[in-house]
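The sequence lines fix the lettering, A, B, ..., with proteins before strands; numbering per chain opens at 1. On a predicted model such as this, the values are computed, not experimentally measured, just so you know.
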Amino acid sequence: MTRIYCGNLPFSTNDDELRDMFEEFGSVNEATVVSDRETGRSRGFGFVDMDTDGATKAIEALDGIDYKGRTLKVNVARPREERPPRNNRRRY
DNA sequence: GTTGAGCGTT
């Protein structure tokens, strides 16, 4: 299984649409469009978890293509960034 | 609009 990052998505793209466009290259385990937790709006990128061979094919096929006026950026995802504690006020 | 979350215990 490989995690894929898909950036520059139109705000109109949903999890299901993202899954559907990757399904044609392999079995998608999980497809998620990231939304801002505080606004509920799409952040314009998402992640797809699928079979490694399908992921490779999908990256080659989808990276750089035009999708609804947006040039998609598709590549293997980086590990999730560590979040600093939000409930810890800075104190000096 | 470019690399996800949670909001005290999985």
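Nucleic acid contact for A/F45: sugar-phosphate only, since backbone atoms but no base atoms lie under 4.0 Å from a heavy atom of the residue.
For the pair A/L62 CG and B/dT2 P, the interatomic distance rounds to 21 Å; values are reported in whole Å. Between A/D49 atom CG and B/dT3 atom C1' there is a gap of 14 Å when expressed in whole angstrom units. Rounding to whole angstrom units, CD of residue A/E81 and C1' of B/dG4 are separated by 11 Å. Between A/E30 atom CD and B/dT3 atom C1' the separation is 16 Å, expressed in whole Å. One can place CZ of A/R41 at 20 Å from P of B/dG4, the figure rounded to the nearest angstrom. Rounded to an integer number of Å, the gap from A/R3 CZ to B/dT3 P is 14 Å. Whole-Å rounding puts the A/L72 CG to B/dT2 P distance at 15 Å. Atom pair A/R78:CZ and B/dT2:C1' shows a separation of 9 Å (rounding to whole Å applied).
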Distance-only donor-acceptor hits, side chain of residues 70-77 of chain A, under 3.5 Å, sequence neighbours excluded:
none

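Judged purely by atom type and a 3.5 angstrom limit, A/R3 has no side-chain atom pairing as donor or acceptor with the backbone of A/F47. Checked by atom type and distance alone, the side chain of A/D15 never pairs as donor or acceptor with a backbone atom of A/T32 at under 3.5 Å.
Side-chain contact between A/I59 and A/I4: present, with at least one pair of heavy atoms (C-beta onward) separated by less than 4.5 Å.
Of the residues near DNA chain B, A/P10 and A/V34, the one whose nearest nucleotide (by heavy atom distance) lies more toward the 5' end is A/P10. Residue whose closest nucleotide on DNA chain B sits further toward the 5' end, between A/D36 and A/S42: A/S42.
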